[in-house]
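So the structure is just underneath, and the comments pick up after that.
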Amino acid sequence: DTEVTQTPKHLVMGMTNKKSLKCEQHMGHRAMYWYKQKAKKPPELMFVYSYEKLSINESVPSRFSPECPNSSLLNLHLHALQPEDSALYLCASSQDGSGGEDTQYFGPGTRLTVL
Amino acid sequence: AQTVTQSQPEMSVQEAETVTLSCTYDTSESDYYLFWYKQPPSRQMILVIRQEAYKQQNATENRFSVNFQKAAKSFSLKISDSQLGDAAMYFCAYSRDDKIIFGKGTRLHILP
């Protein structure tokens, strides 16, 4: 089973709202990732959570904050977003994330629209 | 820094024919992974095929195969007997440790 699930599928929010995106995997993977993907572009890495350690892409603004409640869940909290944050947000997981089995399996994504 | 280049923004192929998508990459490492991902209009990134750099044998998955040329840093994807369901954006990717670098993608159209 190589399933990564994401909720919600679609989200529309105002610039003053606070919302969260959820990602879950049941493959026993030790690394999880958040990506942002704009139309007709490749995914851009935002965060990596591997072996309980968070790595952040320094270009990601602080209005995005990840949270890892347990090894199978990775949330992305959104606050005071801007219209340019509208994009497809993809979650992925991999078995190891530290030089071992590096294959990343992706979820179906959340289409976010910021008004 | 590692880079991945896909020189074909779009390609078209007749149904049932064979098509090859090109990918080149740059790295100074000797151990790494290479991937082809497919992203159909449904948006989900689907792993098509994986190649481990230390394996000389080209990976194959049913109708999908790669031509991995390590010295030339080339990793092309061949799709045989193209089907309508193969229409998608295809991303070539390089991975080492917890970092993956994607190419800009090739949009593949299947002509009935």
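Keep in mind the model is a prediction, meaning the values are calculated, not measured. Each chain gets a letter, A, B and so on, in the order the sequences are listed, and its residues count up from 1.
Of the inter-residue distances, the one linking B:K99 atom NZ with A:S55 atom OG reads 6.5 Å to the nearest 0.5 angstrom. Residue B:I100 holds its CD1 atom at 5.0 Å from OH of A:Y35, rounded to the nearest 0.5 Å.
Counting heavy atoms of neighbouring residues, nucleotides and ligands inside a 6.0 Å radius, atom CD of B:Q57 does not exceed 12 of them. Counted within 6.0 Å of CD on B:Q56, heavy atoms from surrounding residues, nucleotides or ligands total 12 or fewer; the atom is thus considered open. Sparse packing is recorded around NZ of A:K19, with 12 or fewer heavy atoms of other residues, nucleotides or ligands lying under 6.0 Å away. Environment of NZ in A:K38: crowded, with over 12 heavy atoms of neighbouring residues, nucleotides or ligands closer than 6.0 Å.
Residues A:Q104 and B:Y37 have side chains in contact (heavy-atom distance under 4.5 Å, counting atoms from C-beta outward).
Linking Ile, Leu, Val, Met, Phe, Trp and Tyr whenever their side-chain heavy atoms come within less than 4.5 Å puts A:L78 and A:V114 in one cluster. In the hydrophobic clustering of this structure, B:W36 groups with B:V19; members are Ile, Leu, Val, Met, Phe, Trp, Tyr whose side-chain heavy atoms approach within less than 4.5 Å, directly or through other members. Under the 4.5 Å side-chain contact rule for hydrophobic residues, B:V48 and B:V66 share a cluster.
Remark: the backbone N or O of A:F106 is paired with a side-chain donor or acceptor of B:Q44 at under 3.5 angstrom.
Annotation for B:F91 and A:Q37: closest pair CZ-NE2, 3.7 Å, computed over non-hydrogen atoms. Of all non-hydrogen atoms in A:K9 and B:R43, the two that sit nearest each other are O-NH2, 3.7 Å. Scanning all heavy atoms of the two residues, the minimum distance from B:F102 to A:P42 falls at CB-CB, 3.7 Å. Here the closest non-hydrogen pair linking A:L88 and B:Q39 is CD2-NE2, 3.9 Å.
The candidate from B:S95, B:G105, B:P9 with the greatest count of non-hydrogen atom pairs under 4.5 Å with chain A is B:S95.
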Task: side chain to side chain contact (heavy atoms under 4.5 Å, CB included) assessment of B:L47 paired with A:T103 - done: CA-CA 9 Å; B:L47 178 67; A:T103 304; 3.4 Å; yes

